[in-house]
Amino acid sequence: MFKINIPLQRKGANKHNKNMNPFSYTFTMITLAGCMLLVSCGSSKTKNGATDDTQNTVNVQVPAFNADSAYAYIQKQTEFGPRVPNTKAHKDCGEYLAKMLESFGAEVHNQYANLAAYDGTILESRNIIGVYNPETKKRVLLCAHWDSRPYADEDDQKYHHTPIDGANDGASGVGVLLEIARQIKQQAPGIGIDIVFFDSEDYGIPSFHQGNYIQDTWCLGAQYWGKRPHTPDYKARFGILLDMVGGKNAKFYYEGYSMRTANHVMKKIWDAAHQLGYSDLFIKQVGGEMTDDHLYVNRLRKIPCVDIIDFDPNTQKGFNPTWHTISDNMENIDKAVLQAVGQTVLHVIYNEK
Ligand code: AHN
Ligand code: ZN
């Protein structure tokens, strides 16, 4: 008979799978003398799963994340130039992102808002939201910020007023989510997904600012959405925020605020990463606590939201050395990091029922 094995997604599977087909098929032919030919196909037994003959368990088919694709989406964003609100690069990139979500089959919502920065500058902001399967109440929120910082205030003083490419800080999370959107178009998960690109996250009070610290100057787009979501009373089971998920030598420690407010989700994500073989990147120890978009998702919408963010408490800066410097560009993006994060998030959402 013909035996068709559908291998389940695991680390390294994508290496042999540069094309768009998430599955590879191996055919084994066994001849049975004097018997009729039998054909069996495991995947026909369940809608969303394949039967694994060897373990006799039903597993969900998780698509293979393509890091080359995510990388290309990151590059494209940086080619517009720094996506600082009130610039042409920002406007053009916003159009690109909305079109991409639409091309991947999402129902796209745009939120335009004029938001006041720490210094009174009015930022013409746009949150871009891609909705999949709007009918179901079983929803997961995936988010990242798409703007880039107007200041390299962690670099030499002469660069403090130079806007950054934000290849890692901004574009990486969006690039991974665009690749996930592409995968969703090819094979939908069992739940509804909302992809939110928050604007005006990174116009927060700079280190060179004279005077007192001002609260809530970061994450302006997320604060707006939290008070005024794209659908009234928007709810999701949980959220995952991707922030700086493409830097070389990235380490993802448990983030403090996520630990206190979304511990069960955090555990689920880190367990998935370890199961897939990414225990070198996803460290099951506490890192730092961040003021980031997830804080407002949680506080304003009461959705437990985890921040996957590159912050290593064992380094001097904590964040990647390129953080808020002019070196946050394509040269410092690592596809292996994108792969680990993207595959882990896919694993989590395709295992939700
Ligand atoms: C602050 O830097 C205050 N919070 C980390 C959030 C962030 C900034 N993510 C990217 N840039
Ligand atoms: Zn930043």
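Whatever order the structure lists them in is the order used to number ligands and atoms, beginning at 1. All values below were derived from every heavy atom in this structure, side-chain atoms included, with hydrogens, water molecules and symmetry-related copies excluded. Please read all numbers here as calculations on a predicted model, not as lab measurements.
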Starting from [atom], find the nearest protein heavy-atom neighbour and note its residue, name and distance.
{"atom": "atom 9 (N) of ligand 1", "result": "D243 OD2, 2.7 Å"}
{"atom": "atom 10 (C) of ligand 1", "result": "D169 OD1, 2.9 Å"}
{"atom": "atom 2 (O) of ligand 1", "result": "W323 CZ2, 3.4 Å"}

What is the ring orientation for [X] with [Y], classed by angle as parallel under 30°, tilted 30 to 60°, or perpendicular over 60°?
{"X": "Y203", "Y": "Y151", "value": "perpendicular"}
{"X": "W218", "Y": "H324", "value": "parallel"}
{"X": "H160", "Y": "F208", "value": "parallel"}

Inset, instruction - May I ask you to decide whether E79 forms a salt bridge with K76, counting only side-chain N to carboxylate O separations under 4.0 Å? - result: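 Not counted as a salt bridge, because no side-chain N and carboxylate O are separated by less than 4.0 Å.
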[options]: member with heavy atom nearest to [atom]:
{"atom": "atom 11 (N) of ligand 1", "options": "I164, D202, D307", "result": "D202"}
{"atom": "atom 7 (C) of ligand 1", "options": "E201, H145, R149", "result": "E201"}
{"atom": "atom 1 (C) of ligand 1", "options": "D328, T291, D310, D293", "result": "T291"}

Inset, instruction - Sort by chain and number the protein N/O/S atoms found under 2.8 Å from the Zn ion (ligand 2). - result: D169 OD2, D202 OD1, D202 OD2, H324 NE2
Legend entry - Short N or O distance, W218 and ligand 1, threshold 3.5 Å exclusive: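 N/O-N/O distance below 3.5 Å does not exist for this pair.
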Inset, instruction - Please indicate whether N212 has more than 12 foreign heavy atoms, meaning atoms of other residues, nucleotides or ligands, lying under 6.0 Å from its CG. - result: no
Inset, instruction - Apply side chain to side chain donor-acceptor pair (under 3.5 Å) to D243 and list each qualifying residue two or more places apart in sequence or on a separate chain. - result: none
Inset, instruction - Consider only side-chain N and O atoms of D147 and H145, and report whether a donor and an acceptor are under 3.5 Å apart. - result: yes
Legend entry - T322-N332 side chain donor-acceptor pair, cut-off 3.5 Å: no
Inset, instruction - Could you tell me whether the side chain of R83 and the main chain of R149 form a donor-acceptor pair under 3.5 Å? - result: no
